[in-house]
There are 2 protein chains.
Amino acid sequence: MSKITINDIAKAAGVAKSTVSKVLNDAASISDETKRKVRDIMKEMNYTPSSIATQLARQSSFNVGLLIDLSRKDDFLNHFFYAIIGGIESVIGKHQYELTICNASSESSSQQDSPAFMNRLVRNGKVDGLIMDSSIWTAETERLLAELQFPYVLIGDAPAEVTYSAVDIDNENGGRLLAAHLIERGYRRLAFIGGEGAGEPLFDRRVGGCANALREHGLTFDPRLVMAGTANEATGRLFMEQLLALPAEEQPDAVICMNNYTAFGALAAAHAAGVSIPTQLGIATFDDYPLAPYTNPPLTCLKMDTFELGVQAAQMLMTRISEPALSAEQRLIPAALITRASTDR
Amino acid sequence: MSKITINDIAKAAGVAKSTVSKVLNDAASISDETKRKVRDIMKEMNYTPSSIATQLARQSSFNVGLLIDLSRKDDFLNHFFYAIIGGIESVIGKHQYELTICNASSESSSQQDSPAFMNRLVRNGKVDGLIMDSSIWTAETERLLAELQFPYVLIGDAPAEVTYSAVDIDNENGGRLLAAHLIERGYRRLAFIGGEGAGEPLFDRRVGGCANALREHGLTFDPRLVMAGTANEATGRLFMEQLLALPAEEQPDAVICMNNYTAFGALAAAHAAGVSIPTQLGIATFDDYPLAPYTNPPLTCLKMDTFELGVQAAQMLMTRISEPALSAEQRLIPAALITRASTDR
DNA sequence: CATCACTAGGAAACCGGTTTCCTAAGTCTA
DNA sequence: TAGACTTAGGAAACCGGTTTCCTAGTGATG
């Protein structure tokens with residue numbers, strides 16, 4: 001028993017295949033009686049239309065692609081992206097779209113020739129739209145996609161004059177929230193740990209947000225307390241040691257960390273030095289990894305709603321697919337402050 | 001300028017479309033000269049064949065589906081699955097397949113009628129094969145897939161008499177490794193914390209593996225020290241408190257935790273009680289979350305190579321797709337013991 | 001009763017490839 | 001040089017839907 005097709009149904013129902021197709025699409029020109037009859041036969045024969053044939057006829061794949069760097073094995077970004085996937089799926093599923101995930105390691109995309117996914121996914125019609133991590137972005141990629149007028153949405157930091165759609169976490173306001181919280185709790189001399197440093201958009205946004213909050217309260221960062229470096233545990237530990245080695249009056253009374261790794265390192269170094277948290281020193285951090293609530297003391301975090309990020313990216317993409325004429329749009333997803341004991345004084 | 005098709009190329013090259021198709025597939029019956037000529041024109045006209053048309057003609061989607069429960073937002077399983085995705089992609093990409101991710105929340109699959117993905121993905125031909133998390137599995141699903149002779153591979157624990165392909169982490173041997181390590185370090189009275197309890201396959205495998213190692217060294221679990229409960233931080237904390245409340249001679253000298261959450265809880269409770277780790281008490285745990293190396297002391301972990309899990313699952317699926325006649329196969333991925341300070345005595 | 005508008009449904013072209021089958025020309029052999 | 005065999009490439013059917021266009025039949029209207 002090979003696969004049942006629309007022709008088998010047409011034959012069994014004694015109607016034309018075009019009629020069956022119209023029943024499938026609930027066309028108005030088919031009588032209720034015929035519809036019922038044909039549908040009964042479909043059910044009886046256990047028929048499911050081939051989506052590939054539909055795709056060819058409709059000239060649409062009903063697929064969207066997600067382009068991310070899957071080659072990072074144990075990166076802390078993993079659970080971030082996993083939630084994004086869930087968010088995307090929850091939106092496109094309602095539109096009968098499926099999600100195709102494609103690896104695009106940021107290194108391998110050689111600048112000169114077009115990246116592999118352009119043929120594998122875009123030009124051959126495997127997907128109708130693309131959501132891509134901004135780390136994949138290159139000027140060449142943008143040029144190619146624009147030339148094809150292909151709908152896409154970027155996730156993450158977008159260049160200043162964007163001509164395309166993009167969603168990101170509101171890191172600037174996130175930094176503001178963290179700093180404002182610390183100030184409100186009475187901390188006055190804030191330090192910042194981690195990140196590539198000025199020039200890195202993420203760093204600039206986050207530090208900038210903190211600085212804004214400080215300014216609004218008549219304070220500023222002591223530049224020596226803003227310490228840039230790869231945002232990992234070792235860095236957090238090292239920088240915290242350096243901060244604690246400063247003369248007492250120059251030491252910060254609170255630290256904002258670039259992510260939970262740096263926060264773990266900072267926390268460990270503070271413990272090792274016998275500094276009491278949150279009394280002597282407050283620690284707050286961007287991101288909220290699953291284990292962050294269980295440190296000692298639990299860490300005050302800025303939680304990124306990455307599921308929502310996926311939701312919004314998918315919504316924007318679906319809009320661009322259905323209405324290509326609309327102009328590009330940028331959105332920021334607010335981050336939420338989760339106050340815990342590490343700043344509770 | 002609408003999309004270039006095979007007909008355009010045929011016209012431009014002055015050959016039949018069948019010839020162009022043969023060039024695309026590098027057929028032997030086409031002369032090198034013709035191939036070169038046609039390929040030049042393809043390049044010149046910037047032609048990419050429509051994969052949807054190919055799919056229809058070849059009766060194959062060149063897609064595999066991954067069915068997981070995406071509705072769990074912040075679950076600790078997230079980074080687990082993310083790595084699996086990467087592993088799968090790395091294999092199927094080489095076969096020119098793409099990966100379609102589909103949400104199948106384990107709750108929503110009502111027992112009676114066939115789950116949504118059967119129509120959305122399988123019967124309509126959107127994918128040629130399926131990798132699914134074992135939590136999605138139901139007898140009904142298996143029946144339907146078997147009836148269609150549809151290739152699929154399960155990830156995670158498989159029932160005893162499996163008739164289908166499955167891959168899992170070798171939890172039994174993992175438990176053995178953890179327990180053997182503790183014994184080797186001189187710990188003698190082991191406890192186990194977390195898991196749903198006897199009957200849950202994961203629990204049985206892990207505890208069973210530990211028990212085997214004990215037996216091999218002439219030891220056994222004191223049944224009162226095997227404590228089942230939802231594997232989270234609160235449970236780890238509570239059970240550790242209970243263990244430490246036992247009379248001194250009944251207390252364990254080492255604890256094996258079901259996952260990093262329980263380990264965090266256990267660690268916190270031990271600290272709170274002033275127990276010194278690893279001297280008085282050893283702590284080892286299944287799983288190795290990104291932050292586990294940075295606890296105080298760093299946790300001895302059993303690292304699951306979930307990327308490899310994805311790789312093997314994908315390999316098995318590709319084999320089943322290309323050679324459906326082969327019989328089902330089960331594989332176990334070895335887990336790796338990472339010794340850190342929490343058991344270093 | 002003749003004409004018209006409207007309705008339900010059918011025939012055929014189409015989407016863009018693949019595959020089978022066939023033929024004309026060239027090569028080999030006797 | 002005739003007949004058999006090989007080879008390169010073309011024509012057409014096919015994959016399974018969708019869509020356009022057309023027609024037969026019905027009811028309404030003057």
Side-chain angles (χ1 to χ4, degrees), chain A residues 1-39 41-42 45-63 96 119-120 122-128, chain B residues 1-39 41-42 45-63 96 119-120 122-128:
Chain A
M1 59 125 251
S2 77
K3 202 83 176 61
I4 304 291
T5 75
I6 197 172
N7 291 301
D8 303 320
I9 301 296
K11 215 162 291 170
V15 300
K17 66 187 283 200
S18 55
T19 302
V20 179
S21 172
K22 286 167 188 165
V23 171
L24 280 175
N25 296 288
D26 202 21
S29 71
I30 305 294
S31 70
D32 287 350
E33 190 188 358
T34 304
K35 281 182 184 169
R36 208 177 28 68
K37 182 180 68 180
V38 173
R39 288 198 179 116
I41 292 187
M42 286 177 178
M45 299 181 71
N46 207 1
Y47 166 70
T48 310
S50 153
S51 68
I52 295 180
T54 307
Q55 288 169 37
L56 181 59
R58 292 242 181 95
Q59 294 287 82
S60 163
S61 69
F62 297 97
N63 262 86
Q96 324 280 19
N119 284 323
R120 251 184 75 189
V122 174
R123 315 222 9 212
N124 66 3
K126 270 229 167 188
V127 302
D128 295 343
Chain B
M1 56 128 252
S2 76
K3 201 89 175 56
I4 304 291
T5 75
I6 197 172
N7 291 301
D8 303 320
I9 301 296
K11 215 162 290 172
V15 299
K17 67 189 280 200
S18 54
T19 302
V20 179
S21 172
K22 286 166 187 165
V23 172
L24 280 175
N25 296 288
D26 202 21
S29 71
I30 305 295
S31 70
D32 287 348
E33 190 189 355
T34 304
K35 280 182 184 169
R36 209 179 26 67
K37 181 181 67 179
V38 173
R39 287 196 180 119
I41 292 186
M42 286 178 178
M45 298 181 70
N46 206 1
Y47 167 69
T48 311
S50 153
S51 68
I52 296 180
T54 306
Q55 287 170 37
L56 181 59
R58 291 240 181 97
Q59 293 287 84
S60 163
S61 69
F62 296 97
N63 263 88
Q96 324 279 18
N119 284 323
R120 248 183 76 189
V122 175
R123 315 222 10 213
N124 65 4
K126 270 229 168 188
V127 301
D128 295 344

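Computation of the quantities below employed the complete heavy-atom set of this structure, encompassing side-chain atoms and omitting hydrogens, waters and symmetry-equivalent molecules. A note on names: the letters A, B, ... follow the listed sequences, proteins ahead of strands, and every chain is numbered from 1.
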Query raised in the report: Heavy atoms under 4.0 Å, any strand shown: does A:Ser21 hit a base, just sugar-phosphate, or nothing?
Result: base

**Report entry** Minimum side-chain heavy-atom gap A:Lys126-B:Ile52 below 4.5 Å
**Finding:** no

Requested in this report: Please determine if a side-chain N or O atom of A:Gln59 lies less than 4.0 Å away from the OP1 or OP2 oxygen of C:dC14.
Outcome: no

Query - Donor-acceptor pair, side chain of A:Arg123 and main chain of B:Asn46, under 3.5 angstrom - result: yes

Query - Interatomic distance where CZ belongs to A:Arg58 and P belongs to D:dG17 [whole Å] - result: 12 Å

Query raised in the report: Does the side chain of A:Ile6 reach to within under 4.5 Å of the side chain of A:Tyr47, using non-hydrogen atoms?
Result: yes

Query raised in the report: If only atom types and distance count, is the side chain of B:Ser51 paired as donor or acceptor with the main-chain N or O of A:Asn124 below 3.5 Å?
Result: yes

Query raised in the report: A:Gln55 versus B:Leu56: any side-chain heavy-atom pair under 4.5 Å?
Result: no

Query raised in the report: Taking CG from B:Asn7 and P from C:dT18, how many angstroms apart are they, rounded to a whole number?
Result: 12 Å

Report task. Nearest whole angstrom, please: distance from the P of D:dC15 to the CG of B:Asp128. Result -> 18 Å

Query raised in the report: Short question: side chain of A:Asp128, backbone of A:Phe62 - any donor-acceptor pair under 3.5 Å?
Result: yes

Requested in this report: Quick one: which residue pairs count as a side-chain hydrogen bond (donor to acceptor under 3.5 Å, both in side chains) with a foot in residues 15-30 of chain A, not counting sequence neighbours?
Outcome: A:Asn25-A:Arg58, A:Asp26-A:Lys35, A:Asp26-A:Arg39

Report task. Using the side-chain contact (heavy atoms from CB on, under 4.5 Å) rule, take A:Met42 and A:Val20 through it: C-alpha gap first, then chi angles, then the decisive distance, then the call. Result -> CA-CA 9 Å; A:Met42 286 177 178; A:Val20 179; 3.6 Å; yes

Query raised in the report: To the nearest 10 degrees, how far apart in direction are the end axes of the helix from C:dC1-D:dG30 to C:dA30-D:dT1, each fit to five base pairs?
Result: 50°

Query - Strand contacts (DNA chain C) in residues 25-35 of chain B, 4.0 angstrom heavy-atom criterion - result: B:Asn25

Requested in this report: Answer with yes or no whether A:Lys22 presents, from its side chain, a donor or acceptor under 3.5 Å of a partner atom in the base of C:dG10.
Outcome: yes

Report summary line: Rounded to whole Å, CG of B:Asp8 lies from C1' of C:dC15 at a distance of 13 Å

Query raised in the report: Is any side-chain heavy atom of A:Thr5 less than 4.5 Å from a side-chain heavy atom of A:Ile9?
Result: no

Query - Interatomic distance where CG belongs to A:Leu56 and C1' belongs to C:dC14 [whole Å] - result: 9 Å

Requested in this report: Would you classify A:Ser18 as touching base, sugar-phosphate or nothing, given that sugar-phosphate means primed atoms plus P, OP1 and OP2, and contacts are heavy atoms under 4.0 Å?
Outcome: base

Query - Distance, rounded to the nearest Å, where B:Ile6 contributes CD1 and D:dG9 contributes P - result: 15 Å

Report task. Using a heavy-atom cut-off of under 4.0 Å over every strand shown, decide if A:Val15 touches base, sugar-phosphate, or nothing. Result -> sugar-phosphate

Query raised in the report: Want to settle it: does B:Ala53 or A:Lys17 sit nearer the 5' end of DNA chain C, counting the closest nucleotide to each?
Result: A:Lys17

Query raised in the report: Any side-chain N or O of B:Ser50 under 4.0 Å from OP1/OP2 of C:dG16?
Result: no

**Report entry** Length of the CD1-P vector between B:Ile9 and C:dT18, whole Å
**Finding:** 13 Å

Report summary line: In short, B:Thr54 meets B:Ser50 closest at the heavy-atom pair OG1-O, 3.1 Å

Query raised in the report: Just how far, in rounded Å, is C1' of D:dG17 from NZ of A:Lys3?
Result: 12 Å

